[in-house]
Student: 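Mind having a look at this structure? Questions to follow.
Here is the naming used below: chain letters follow the sequence lines, and residue numbers restart at 1 for every chain.
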Amino acid sequence: MGSRFPKGWITGVSDSVHPPRSLAELFLGFLSIGARAFGGVLPWAHRTLVEERRWVTPADFAEMIALCQFLPGPNVANLSIVLGRRWFGLAGAIVGFLGLMALPFIWVLGLAILYADWATHPAVRAVVGGVGIAAAGLFIGTGMKLARPIARKPVAVLIIAGCFIAAGLLRVPLVIVLPAAAALALVASHTGAL
Amino acid sequence: MLALFLYFLLLSLLSVGGVNTVMPEMQRIVVETEAWMSGAEFTQLFALSQAAPGPNVLITSLVGWKVAGLAGAIIALAAFCGPAGALAYWVGGVWERFRDAPWRMRIQRALVPVTVGLVFAGGYVLATPEGIDWRNALIATASATVLYTTRLNPLWILSGGAIAGYFVYV
């Protein structure tokens with residue numbers, strides 16, 4: 001079980017932070033993140049954990065999210081596991097994760113069941129199709145935002161283009177693309193080109 | 001159902017940076033390798049997972065539900081979150097030790113362009129479920145441009161996509 005007051009907490013701010021006292025409180029906190037997470041979970045996670053419930057400091061939150069983005073797996077699900085573990089060990093990790101996923105899981109299946117009844121309706125198909133393509137556009141826009149800080153580095157642009165062509169246009173399996181691209185990028189990063 | 005479970009276990013460990021990184025691979029497996037559904041159906045499931053509140057990882061449970069009902073939905077989500085979650089649990093414990101290590105910074109820097117390239121690839125395969133179509137190109141380009149240039153809540157962009165879809169696809 002992790003320490004209740006781990007290193008990295010800003011001295012003097014820690015007394016304004018109130019970690020959850022029970023598994024039930026932990027569950028309800030993550031439940032309220034999942035319940036409201038329209039248009040992305042991350043902003044709601046920040047609002048709930050840092051601003052409303054004050055379970056973690058802003059700096060601690062940023063650090064934990066960076067860790068979770070660096071690891072494989074869904075970022076906020078990883079966050080629920082890492083923070084749940086910090087406060088209540090394995091039970092906390094499981095309860096935090098289940099709290100986060102419970103309502104979104106029910107809602108997305110409910111929506112899919114509703115959609116299955118209406119999928120033959122041309123207007124419904126058209127609307128859902130439009131949302132899907134717009135969401136694909138959001139992917140591309142997010143990629144552009146992520147690329148902005150590294151767009152002036154020729155090696156970075158080459159790696160971006162290579163991954164796009166291999167995985168998007170040529171449909172090369174990811175078990176080949178990811179290790180190859182990561183190895184090249186690590187060499188570039190080691191020599192200072194990234 | 002076993003194939004579903006094994007594929008999503010593998011995807012879990014490849015999903016550095018989140019589920020977005022493995023979207024092109026998930027589409028390739030589901031649509032091309034296993035032919036569980038058409039490209040258009042996959043894009044529609046993706047639309048539902050984006051429109052519902054919650055983590056976008058729920059696309060996995062929609063794929064599972066389509067392949068094997070409720071059990072499939074639970075198995076796909078558990079398979080996708082399991083290995084990565086176990087790793088997060090373990091790393092969360094030792095994180096303090098190597099937080100400022102230079103090698104960790106180097107790995108993080110190296111992974112950014114790889115993730116970006118794969119996110120672009122994911123957007124491309126989702127926007128072209130049946131090959132290149134000018135209506136799809138228009139909606140996807142508009143959506144990407146608005147997201148990049150404004151601070152509008154993405155929910156409004158998705159609503160715009162719904163309205164545009166109604167007018168261009170019916």
Student: Taking all atoms of both residues into account, what is the closest heavy-atom pair of Leu194(A) and Ala110(B), and its distance?
Tutor: CD1-CA, 4.0 Å

Student: With side chains defined as the heavy atoms from C-beta onward, is the minimum distance between Tyr115(A) and Leu62(B) less than 4.5 Å?
Tutor: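 No, their side chains stay 4.5 Å or more apart.
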
Student: Check whether Ala127(B) gets within reach of chain A through its side chain, its backbone, both or neither, counting any heavy atom under 4.5 Å.
Tutor: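 The answer is both parts of Ala127(B).
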
Student: Between OG of Ser49(B) and CG of Leu109(A), what distance do you get to the nearest 0.5 Å?
Tutor: 11.5 Å

Student: Look at Leu126(B), Thr141(B), Leu14(B) and state which one has the largest set of heavy-atom pairs under 4.5 Å with chain A.
Tutor: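 Option with the top pair count is Leu14(B).
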
Student: Let's test your reading of the structure: which of Ala185(A), Ala126(A), Gly132(A), Gly168(A) forms the most heavy-atom pairs below 4.5 Å with chain B?
Tutor: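 Option with the greatest count: Ala126(A).
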
Student: Could you check which of Val19(B), Asn56(B), Thr21(B), Ile107(B) has the highest count of heavy-atom pairs closer than 4.5 Å to chain A?
Tutor: Ile107(B)

Student: Report the option among Met23(B), Gln44(B), Gln27(B) that has the most heavy-atom pairs separated by less than 4.5 Å from atoms of chain A.
Tutor: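 Result: the option with the highest number of such pairs is Gln44(B).
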
Student: Any idea which heavy atoms bring Ala123(A) and Tyr166(B) closest together, and the distance?
Tutor: CB-CE1, 3.8 Å

Student: Return the minimal non-hydrogen interatomic distance between Val116(B) and Ala147(A), and the atom names on each side.
Tutor: CG1-CB, 3.9 Å

Student: Is any side-chain heavy atom of Val57(B) closer than 4.5 Å to one of Met101(A)?
Tutor: yes

Student: Are any of the side-chain heavy atoms of Arg109(B) and Ile150(A) separated by less than 4.5 Å?
Tutor: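 Heavy-atom side-chain distance check fails, nothing below 4.5 Å.
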
Student: Quick check for you: among Leu79(A), Ile113(A), Leu83(A), which has the greatest number of heavy-atom pairs under 4.5 Å with chain B?
Tutor: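 Between Leu79(A), Ile113(A), Leu83(A), the count favours Ile113(A).
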
Student: So what's closer than 4.5 Å to chain A heavy atoms on Glu32(B): side chain, backbone, both or neither?
Tutor: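 Contact with chain A: side chain only.
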
Student: Where on Ala193(A) is there a heavy atom nearer than 4.5 Å to chain B: the side chain, the backbone, both, or neither?
Tutor: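 Neither; nothing under 4.5 Å.
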
Student: Using 0.5 Å steps for rounding, measure from the SG atom of Cys81(B) to the CG atom of Leu100(A).
Tutor: 9.0 Å

Student: Can you tell if the side chain of Ile160(A) reaches within under 4.5 Å of the side chain of Val114(B), non-hydrogen atoms only?
Tutor: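 No; the side chains remain at least 4.5 Å from each other.
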
Student: To the nearest 0.5 Å, how far apart are CG in Leu178(A) and CG in Leu111(B)?
Tutor: 8.0 Å

Student: Within a radius of less than 6.0 Å around CG of Leu170(A), do more than 12 heavy atoms belonging to other residues, nucleotides or ligands occur?
Tutor: yes

Student: Count the heavy-atom pairs under 4.5 Å between each of Val168(B), Ile139(B), Val146(B), Thr115(B) and chain A, then report the option with the highest count.
Tutor: Ile139(B)

Student: Let me confirm one number: the OG1-NZ distance from Thr149(B) to Lys145(A), rounded to the nearest 0.5 Å.
Tutor: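 Those atoms lie 9.0 Å apart.
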
Student: Could you report the tightest heavy-atom contact between Pro72(A) and Ser12(B), atom names first, then the distance?
Tutor: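 Taking every non-hydrogen atom into account, CB-O, 3.4 Å.
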
Student: Does any part of the side chain of Trp107(A), heavy atoms only, come nearer than 4.5 Å to the side chain of Leu58(B), both counted from C-beta?
Tutor: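 A side-chain contact is absent here, since even the closest heavy-atom pair is not under 4.5 Å.
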
Student: If I compare all heavy atoms of Tyr169(B) with all of Gly129(A), which pair ends up nearest, and what's the gap?
Tutor: CE1-C, 4.0 Å

Student: Please determine, among Arg36(A), Arg125(A), Arg171(A), the option with the most heavy-atom pairs under 4.5 Å with chain B.
Tutor: Arg171(A)

Student: Chain A heavy atoms under 4.5 Å from Val22(B): which part of the residue, side chain, backbone, both or neither?
Tutor: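 Val22(B) touches chain A through backbone and side-chain heavy atoms alike.
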
Student: When you look at Leu138(A) and Leu158(B), which way does the side-chain contact (heavy atoms from CB on, under 4.5 Å) test go after all the steps?
Tutor: CA-CA 9 Å; Leu138(A) 293 183; Leu158(B) 294 180; 3.7 Å; yes

Student: Just so I know, are the side chains of Arg28(B) and Leu174(A) near enough to count as touching, which here means a heavy-atom distance under 4.5 Å?
Tutor: no

Student: Does any heavy atom of chain A fall under 4.5 Å from the side chain of Leu10(B), the backbone, both, or neither of them?
Tutor: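 The side chain, not the backbone.
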
Student: Most heavy-atom pairs under 4.5 angstrom with chain A, which of Ala40(B), Pro55(B), Ala164(B)?
Tutor: Pro55(B)

Student: For Leu77(B), which atoms come within 4.5 Å of any heavy atom of chain A: side chain, backbone, both, or neither?
Tutor: side chain

Student: Kindly compute the distance separating CD1 (Ile159(A)) from CG (Leu118(B)), expressed to the nearest 0.5 Å.
Tutor: 11.5 Å

Student: State, to 0.1 Å, how close Ala88(B) and Leu71(A) come at their nearest heavy-atom pair, and which atoms those are.
Tutor: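 For Ala88(B) versus Leu71(A), the nearest heavy atoms are CA-CD1, 3.7 Å.
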
Student: Just checking Phe97(A) against Tyr89(B), ring centres under 6.0 Å apart?
Tutor: no

Student: Taking every non-hydrogen pair under 4.5 Å, which of Pro104(A), Pro173(A), Gly143(A), Ala93(A) racks up the most with chain B?
Tutor: Pro173(A)

Student: Relative to chain B, which segment of Val108(A) carries a heavy atom at a distance below 4.5 Å: side chain, backbone, both, or neither?
Tutor: both

Student: Nearest 0.5 Å, what's the OG1-CD1 distance between Thr43(B) and Ile133(A)?
Tutor: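 It comes to 5.5 Å.
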
Student: May I ask you to test the Pro74(A)-Phe80(B) pair for a side-chain heavy-atom distance under 4.5 Å?
Tutor: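 Yes - at least one pair of side-chain heavy atoms lies under 4.5 Å apart.
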
Student: Answer yes or no: is there a side-chain heavy-atom contact under 4.5 Å between Ile140(A) and Tyr148(B)?
Tutor: no

Student: Using a cut-off of under 4.5 Å for heavy-atom pairs, which of Ala112(A), Ala181(A), Ala156(A), Ala188(A) has the most such pairs with chain B?
Tutor: Ala112(A)

Student: Based on non-hydrogen pairs under 4.5 Å, which of Ile165(A), Leu90(A), Leu146(A), Leu158(A) is most in contact with chain B?
Tutor: Leu90(A)

Student: Does Arg148(A), at its CZ atom, have more than 12 non-hydrogen atoms belonging to other residues, nucleotides or ligands within less than 6.0 Å?
Tutor: yes

Student: Tell me, side chain or backbone of Val170(B) under 4.5 Å from chain A's heavy atoms, or both, or neither?
Tutor: both

Student: Any chain of hydrophobic side-chain contacts (each under 4.5 Å) joining Ile163(B) to Leu138(B)?
Tutor: no

Student: Which one wins on heavy-atom pair count under 4.5 Å against chain A: Tyr124(B), Trp156(B), Phe120(B)?
Tutor: Phe120(B)

Student: For Pro83(B), is it the side chain, the backbone, both or neither that has a heavy atom under 4.5 Å from a heavy atom of chain A?
Tutor: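 The answer is neither part of Pro83(B).
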
